[in-house]
K.L.:
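Have a look at this one.
All heavy atoms count here, side chains included; hydrogens, waters and symmetry mates do not.
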Amino acid sequence: MNEKCCELLKKVIQKEYHNIRLDDMFYNADEFYYQFKVDEQISEKDFNKLEKEIKKLDSNIYFKLLKISGVYYKGNANNEMITRIVGVAFSNQEELNKYLQFLEEAKERDHRKIGHDLDLFCFSDYVGAGLPLYTPRGTIVKDELQKEMEKLCRKYGFQKVSCPSLADISLFETSGHAGKFNEELFRVESPKGHKFVLKPVQCPHHTQIYASKIRSYKELPIRYMESDKQYRAELPGAVGGLSRVYAITVEDGHSFCRREQVKQEVINMCNLIKDFYTRMGLWDQYWVSLSVRDYNHPEKYIGSKEDWDLCEQILKEVSDELGLKAKKCEGEAALYGPKLDFMFKDALGRDIQIPTVQLDFAMPKRFGLFYIDENGEKQTPVMVHRAVLGSYERFLVLLLEQFKGVLPIWLSPVQVNIIPVSLKYHDDYCKKIQQILRDEDIRVEYDDSKEQMGKKIRHSNLMKNPITIIIGDKEKENNLISYRRLGEEKTDTLNIEEFIKFIKKEINKR
RNA sequence: GCCGACUUAGCGUAAUAGGUAGCGCAACUGACUUGUAAUCAGUAGGUUGGGGGUUCGAUUCCCUCAGUCGGCACCA
């Protein structure tokens with residue numbers, strides 16, 4: 001159907017517009033694309049007309065023109081831009097409706113909408129585009145994720161470190177980042193003559209902690225982790241929502257190990273990733289990219305060909321042994337080495353890269369890192385870079401869109417919301433419950449606004465509070481707590497001690 | 001950065017073929033005190049994103065800057 005519709009669109013465009021200089025079409029199971037260059041301006045406003053013309057040619061085709069945009073001809077930024085129209089076609093109205101409904105629902109679970117509705121993060125024109133501000137509620141989610149992440153990483157042998165946001169430019173010149181990403185560095189100067197760079201990555205800082213002492217082969221692997229902000233001067237057109245920002249909170253980790261340990265180290269990190277995403281209930285709908293060099297342009301990378309060959313081979317072996325079925329993607333490697341990138345989907349089904357494991361033989365050499373081996377000789381360690389959450393920003397995109405804003409109770413900004421049947425008669429008991437739960441370190445809120453109970457319940461549900469407690473005469477007189485879980489009709493009643501036991505058990509669930 | 005669209009009160013929106021703007025939710029005030037998803041009444045809130053231009057007059061037309069969105073390109 002997509003093929004047929006695309007042909008029809010082409011016919012209509014040729015009829016309606018003149019001087020078509022470039023054209024190109026392709027389609028897959030999901031969409032069709034028609035690309036062309038004409039003199040006239042075409043925008044989404046013309047879709048109505050185009051759709052009518054297509055329908056005239058074939059009334060049995062059910063389709064929608066989705067978007068129009070400029071794209072570089074043949075995907076090369078040196079070429080001129082041409083117009084692309086994207087559409088989708090079905091053989092009956094029902095399927096089309098289903099698809100349109102999916103688009104509507106996707107709007108509802110857009111992380112930007114959820115982030116706003118649930119009061120998790122915001123932006124300010126004063127602060128600047130691409131600089132997200134986490135609200136108190138959003139900060140709870142972020143901090144809880146960090147705690148969980150670090151707890152798990154400690155099991156895998158990581159030690160937390162903490163580095164400044166600034167560094168002398170020479171750090172990044174040595175690492176190679178300044179050479180490749182010169183245009184993307186934020187430079188910071190002072191009237192006193194300081195010349196710094198805001199760190200765009202944490203790995204060079206971590207190498208210097210490694211280098212602060214003489215290391216023995218017995219100590220390796222040494223694994224550092226740090227969740228901190230990095231700053232990258234992205235192109236303005238790339239920035240949007242939490243998917244791509246200038247200030248990015250990266251959950252970064254590096255392992256310094258011996259060559260013989262590399263493969264096991266990569267396996268450990270992949271297991272760590274699997275472990276975390278399984279706990280989060282997100283270990284599905286992913287695919288893995290074996291991101292290798294652009295073989296035609298070796299000058300884009302640092303390090304020797306032999307090292308690269310070996311690195312790519314190791315990652316391939318790990319992929320095979322762990323059954324990751326990694327798809328080889330040329331030109332997707334990092335500056336210093338190939339990667340295994342774990343790709344997930346956003347609300348609209350677009351790929352987002354989140355966790356990653358990267359091999360790096362180059363940077364330790366450039367920094368002259370070494371350890372003393374069994375024979376008392378200096379050896380260069382290998383670095384394995386890894387991100388599990390990736391960045392907190394991008395992880396939140398995945399989390400909010402996959403869960404439609406319904407967070408597990410351990411992550412929820414408010415875990416328990418208390419609503420009185422009557423503020424007049426139940427206020428004291430509600431306050432008492434609130435204090436007891438607070439003392440138990442449960443994130444509890446008490447809605448003592450002068451609203452109707454029904455409205456408070458609705459609000460509590462809209463804010464996706466996992467547990468809503470209702471307190472009335474029955475509870476007050478018998479020292480009980482009645483509660484409902486989000487989305488359930490069933491009400492349970494427990495005494496206070498039982499409730500605390502219950503809620504703690506719920507919070508500990510992963 | 002490139003192509004295109006958009007920007008009206010905290011949020012969601014309506015309107016003007018050029019004559020300074022309505023509504024809903026939220027907020028505030030008052031009444032009501034309710035047993036599981038929106039009580040009633042009232043009040044306040046806008047230099048229609050910023051700047052410039054055309055015009056007797058611009059929220060509407062033009063330019064420009066910023067921001068947002070969809071793509072492209074980029075992504076350590």
K.L.:
Remember a base hit wins even if backbone is also touched, and classify Ala238(A) as base, sugar-phosphate or nothing at under 4.0 Å, heavy atoms.
P.N.:
base
K.L.:
Report yes or no: is there a donor-acceptor pair, N or O only, under 3.5 Å between the side chain of Arg232(A) and the base of C75(B)?
P.N.:
no
K.L.:
Report the distance from atom NZ of Lys107(A) to atom P of G12(B), rounded to the nearest whole Å.
P.N.:
13 Å
K.L.:
Please evaluate the base of G67(B) for a donor-acceptor partner in the side chain of Tyr126(A) within a cut-off of under 3.5 Å?
P.N.:
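Between G67(B) and Tyr126(A), which were checked side chain against base, a qualifying N/O pair under 3.5 Å is absent.
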K.L.:
Heavy atoms under 4.0 Å, any strand shown: does Glu489(A) hit a base, just sugar-phosphate, or nothing?
P.N.:
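No contact.
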K.L.:
What does Gln353(A) touch in the nucleic acid at a heavy-atom separation under 4.0 angstrom: a base, only the sugar-phosphate, or nothing?
P.N.:
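The answer is nothing, as Gln353(A) stays clear of every strand by at least 4.0 Å.
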K.L.:
State which of G70(B), G35(B), G1(B) makes the closest approach to the side chain of Lys67(A).
P.N.:
G70(B)
K.L.:
Has the side chain of Ser319(A) got a donor or acceptor atom that lies under 3.5 Å from a matching backbone atom of Leu315(A)?
P.N.:
no
K.L.:
Please report the distance separating the P of G50(B) from the corresponding atom of U7(B), rounded so that it comes out in whole Å.
P.N.:
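Here G50(B) and U7(B) have their P atoms 13 Å from each other.
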K.L.:
Measure from CZ on Phe186(A) to P on A76(B) and round the result to the nearest Å.
P.N.:
17 Å
K.L.:
How far apart are the closest heavy atoms of Ser175(A) and Leu335(A), and which atoms are they?
P.N.:
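Residues Ser175(A) and Leu335(A), closest heavy atoms: O-CD2, 4.3 Å.
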K.L.:
On a whole-Å scale, what distance lies between the C1' atoms belonging to U59(B) and G49(B)?
P.N.:
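Those two atoms are separated by 12 Å.
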K.L.:
Please report the distance, rounded to the nearest Å, between CG in Leu131(A) and C1' in G67(B).
P.N.:
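That distance rounds to 13 Å.
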K.L.:
Counting only distance, no hydrogens or angles, is the base of A66(B) paired donor-acceptor with the side chain of Asp125(A) under 3.5 Å?
P.N.:
no
K.L.:
With a 4.0 Å limit, can you tell me whether Lys339(A) has a side-chain N or O closer than that to the phosphate oxygens OP1/OP2 of A76(B)?
P.N.:
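Looking at the OP1 and OP2 atoms of A76(B), one of them is under 4.0 Å from a side-chain N or O of Lys339(A).
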K.L.:
Looking at Phe102(A) and Ala347(A), what are the two nearest heavy atoms and their distance?
P.N.:
CZ-O, 3.7 Å
K.L.:
Roughly how many Å apart are C25(B) and A38(B), using the C1' atom of each and rounding to a whole number?
P.N.:
10 Å
K.L.:
State which of A76(B), C72(B), U36(B) makes the closest approach to the side chain of Thr491(A).
P.N.:
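For Thr491(A), the side-chain atoms sit closest to U36(B).
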K.L.:
Taking atom C1' in both C11(B) and U68(B), compute the distance separating them and give it to the nearest angstrom.
P.N.:
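The answer is 15 Å between these two C1' atoms.
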K.L.:
Select one nucleotide: of G67(B), C74(B), A37(B), the one nearest the side-chain heavy atoms of Arg244(A).
P.N.:
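Nucleotide nearest to Arg244(A)'s side chain: C74(B).
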K.L.:
Does the side chain of Lys455(A) get closer than 4.0 angstrom to OP1 or OP2 of C25(B) through an N or O atom?
P.N.:
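For C25(B), neither OP1 nor OP2 has a side-chain N or O of Lys455(A) closer than 4.0 Å.
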K.L.:
What pair of heavy atoms forms the shortest contact from Val421(A) to Gly472(A), and how long is it?
P.N.:
CG2-CA, 3.6 Å
K.L.:
May I ask you to say what Gly454(A) touches in the nucleic acid, namely base, sugar-phosphate or nothing, with a heavy-atom cut-off under 4.0 Å?
P.N.:
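Sugar-phosphate: the residue Gly454(A), judged by heavy atoms under 4.0 Å, touches backbone atoms but no base.
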K.L.:
Mind checking Gly176(A) for me? I need base, sugar-phosphate or nothing, with any heavy atom below 4.0 Å counting as a touch.
P.N.:
nothing
K.L.:
Roughly how many Å apart are G45(B) and G12(B), using the C1' atom of each and rounding to a whole number?
P.N.:
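Pairwise C1' distance, G12(B) against G45(B), rounds to 16 Å.
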K.L.:
Establish, for the pair Lys180(A) and Tyr301(A), whether the NZ or CZ atom is under 6.0 angstrom from the six-membered ring centre and no further than 45 degrees off its axis.
P.N.:
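Judged by the rule, Lys180(A) and Tyr301(A) form a cation-pi pair.
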K.L.:
In whole Å, what is the span from the NZ atom of Lys74(A) to the P atom of A73(B)?
P.N.:
13 Å
K.L.:
Figure out the NE2/P separation between His459(A) and U39(B), and round it to whole Å.
P.N.:
13 Å
K.L.:
Dot-bracket for RNA chain B, please. Rules: Watson-Crick or G-U, both distances under 3.5 Å, ( ) within the strand, [ ] when a pair crosses earlier ones, | for another strand, . otherwise.
P.N.:
(((((((..((((.....[..)))).(((((.......))))).....(((((..]....))))))))))))....
K.L.:
Closest to the Glu451(A) side chain: A73(B), G4(B), U39(B)?
P.N.:
U39(B)
K.L.:
U33(B) phosphate, OP1 or OP2: any side-chain N/O from Gln452(A) under 4.0 angstrom?
P.N.:
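No.
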K.L.:
Has Lys180(A) got a side-chain N or O lying under 4.0 Å from the OP1 or OP2 atom of A76(B)?
P.N.:
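False: Lys180(A) side-chain N/O out of range (4.0 Å or more) of A76(B) OP1/OP2.
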K.L.:
Measuring to OP1 and OP2 of G70(B), would you say a side-chain N or O of Arg84(A) lies under 4.0 angstrom away?
P.N.:
no
K.L.:
Out of A73(B), A76(B), A5(B), which nucleotide sits closest to the side chain of Pro200(A)?
P.N.:
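Nucleotide nearest to Pro200(A)'s side chain: A76(B).
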K.L.:
Looking for any heavy atom pair under 4.0 Å, which part of the strands does Tyr425(A) touch: base, sugar-phosphate only, or nothing?
P.N.:
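Contact class for Tyr425(A): sugar-phosphate only.
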K.L.:
Please state the C1' separation for the pair A9(B) and C23(B) - nearest whole angstrom.
P.N.:
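So the two C1' atoms sit 12 Å from each other.
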K.L.:
Below 4.5 Å, heavy atoms only, C-beta onward: do Val318(A) and Cys270(A) meet side chain to side chain?
P.N.:
yes
K.L.:
Do Gln35(A) side-chain and G71(B) base share a donor-acceptor contact under 3.5 Å?
P.N.:
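Looking at the base of G71(B), it does not pair with any donor or acceptor on the side chain of Gln35(A) (distance under 3.5 Å).
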K.L.:
Of the listed nucleotides (A76(B), C72(B), G4(B)), which one gets closest to any side-chain atom of Ala334(A)?
P.N.:
A76(B)
K.L.:
With nearest nucleotide decided by heavy atoms, which residue, Met453(A) or His116(A), maps closer to the 5′ end of RNA chain B?
P.N.:
His116(A)
K.L.:
List for me each residue that meets side-chain hydrogen bond (donor to acceptor under 3.5 Å, both in side chains) alongside His18(A), sequence neighbours excluded, and say none if there are none.
P.N.:
none
K.L.:
Mind checking the C1' distance from A73(B) to A14(B)? Whole angstroms is fine.
P.N.:
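Going atom to atom, C1' in each nucleotide, I get 38 Å.
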K.L.:
For the side chain of Lys450(A), starting at C-beta, report the closest nucleotide among G71(B), A73(B), C32(B).
P.N.:
C32(B)
K.L.:
Check the distance between A31(B)'s P and Lys424(A)'s NZ and give it to me in whole angstrom.
P.N.:
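Distance check: Lys424(A) NZ to A31(B) P gives 12 Å.
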K.L.:
Side chain of Ser482(A) only, please: which of G4(B), G35(B), C72(B) is the nearest?
P.N.:
G35(B)
K.L.:
Hey, what's the ring geometry for Phe123(A) with Phe121(A), parallel, tilted or perpendicular (30° and 60° as the breaks)?
P.N.:
perpendicular
K.L.:
Taking CZ from Phe47(A) and C1' from G4(B), how many angstroms apart are they, rounded to a whole number?
P.N.:
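Computing the Phe47(A):CZ to G4(B):C1' distance gives 10 Å.
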K.L.:
For residues 243-254 of chain A, which residue pairs pass the side chain to side chain donor-acceptor pair (under 3.5 Å) check, not counting sequence neighbours?
P.N.:
His206(A)-His254(A), Glu234(A)-Arg244(A), Thr249(A)-Glu393(A), Glu251(A)-Arg386(A), His254(A)-His385(A)
K.L.:
Assuming nearest nucleotide by heavy-atom distance, tell me which of His385(A) and Ser43(A) is located more 5' along RNA chain B.
P.N.:
Ser43(A)
K.L.:
Describe the nucleic acid contact of Lys45(A) in one word from base, sugar-phosphate, nothing, applying a heavy-atom distance below 4.0 Å.
P.N.:
sugar-phosphate
K.L.:
Identify the heavy atoms of Cys6(A) and Met25(A) that sit nearest to each other, and give their distance.
P.N.:
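Closest approach of Cys6(A) to Met25(A): SG-CE, 3.4 Å.
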K.L.:
In terms of side-chain heavy atoms of Asp473(A), which of G35(B), G71(B), U33(B) is nearest?
P.N.:
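Selected nucleotide (nearest to the side chain): G35(B).
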K.L.:
Do Phe181(A) and the base of A76(B) stack face to face, with centres under 5.5 Å apart and an angle between planes under 30°?
P.N.:
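Aromatic stack with A76(B) present for Phe181(A).
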K.L.:
Do you know the tightest heavy-atom contact between Leu389(A) and Ile354(A)?
P.N.:
O-CG2, 3.1 Å
K.L.:
Ion pair present between Asp309(A) and Arg293(A), side-chain N to carboxylate O less than 4.0 angstrom?
P.N.:
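Yes, Asp309(A) and Arg293(A) are salt-bridged.
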K.L.:
Taking the minimum atom-to-atom distance to the side chain of Pro236(A), which one of G70(B), G35(B), G1(B) wins?
P.N.:
G1(B)
K.L.:
Please measure how far the P atom in C2(B) lies from the corresponding atom in A58(B), and state the result in whole Å.
P.N.:
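The same atom, P, in both gives a distance of 32 Å.
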K.L.:
For C69(B), does either OP1 or OP2 sit under 4.0 Å from a side-chain N or O belonging to Arg112(A)?
P.N.:
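Indeed, a polar side-chain atom of Arg112(A) lies that close.
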